[in-house]
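Below is one structure, written out as structure tokens, with a few remarks after it.
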Amino acid sequence: KNEVEQSPQNLTAQEGEFITINCSYSVGISALHWLQQHPGGGIVSLFMLSSGKKKHGRLIATINIQEKHSSLHITASHPRDSAVYICALRFGGTSYGKLTFGQGTILTVHP
Amino acid sequence: NAGVTQTPKFQVLKTGQSMTLQCAQDMNHNSMYWYRQDPGMGLRLIYYSASEGTTDKGEVPNGYNVSRLNKREFSLRLESAAPSQTSVYFCASSETTNRDYEQYFGPGTRLTVT
């Protein structure tokens, strides 16, 4: 069963382009996380949100609870943004902080 | 602060060998997690520890055991390694499991079982 669907799976962009990565899910959640995995393998948490919108630098994350959909936007993309972007969900209740992860979106930004 | 550290970074085992992956965090977090990451699949939870002294199975616990040695350390043991356990293993920690806190990840251990 795929509780988390990310799209696209692969994304190639030119430096400066506006990037959108999508995450859809099928059941109610308590929070959604966006993570970045660097080419070297390290994983960093970018955002955690349960409603609305958050912004950090050139990154913007939005979530629509009714539509069960979240987007991660990167403005003025740069080659250093090349990474795998992962959406993860916490389903709440007795899930005790456990996250369910999407397969990730591989982003490559060319200079 | 080092955050979450893992040892070793790389390991090659023969089928049937055992080993322990070590994880430590210096953020005074209550909760710790072990994940595995395989090509084409998302991260999957192996075991977690909501607080010192407790451990629980995650999505893929078979073939693994864990020990929450103290608040800082959470180890993952493979008693008899199998090729299907070839993967990248990540340890993570968070303040607690009872609310929504971000998780902090270690650098990963790349394990190959031949």
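Predicted model, so just to flag it, every value in this text is computed and none were measured. Here is how names work: the chains are called A, B, and so on, in the same order as the sequence lines, proteins then strands, and each is numbered from 1. Scope of the values below: all heavy atoms of this structure, side chains included, with no hydrogens, waters or symmetry mates.
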Legend entry - chain B neighbours within residues 47-56 of chain A, where any heavy atom lies under 4.5 Å away: A/M48
Legend entry - Side chains of A/I43 and B/F90 in contact at under 4.5 Å (non-hydrogen atoms): yes
Is there a path of hydrophobic side-chain contacts, each under 4.5 Å between heavy atoms of I, L, V, M, F, W or Y residues, that connects [X] with [Y]?
X	Y	result
B/W34	B/V113	yes
A/V27	A/I65	yes
A/V44	A/L89	no
A/I86	A/I60	no
B/Y104	A/V84	no

Legend entry - Whether over 12 other heavy atoms sit under 6.0 Å from B/R110 CZ: no
Inset, instruction - Please say whether more than 12 non-hydrogen atoms of neighbouring residues, nucleotides or ligands are located less than 6.0 Å from CD in A/Q9. - result: no
Inset, instruction - Please flag which part of B/Q37 lies under 4.5 Å from any non-hydrogen atom of chain A: side chain, backbone, both or neither. - result: side chain
Inset, instruction - Kindly state each residue pair satisfying salt bridge (charged side-chain N to carboxylate O under 4.0 Å, His left out) with at least one member in residues 70-82 of chain A, sequence neighbours excluded. - result: A/R58-A/D81
Inset, instruction - Find the distance between CG (A/L46) and CD (B/E102) and round it off to the nearest 0.5 Å. - result: 9.5 Å
Inset, instruction - Could you tell me the separation between the CG atom of B/L43 and the CD atom of A/Q103, rounded to the nearest 0.5 Å? - result: 11.0 Å
Inset, instruction - Would you sort out whether A/L35 and B/F105 count as a side chain to side chain contact (heavy atoms under 4.5 Å, CB included), showing the intermediate values? - result: CA-CA 10 Å; A/L35 308 165; B/F105 288 80; 4.3 Å; yes
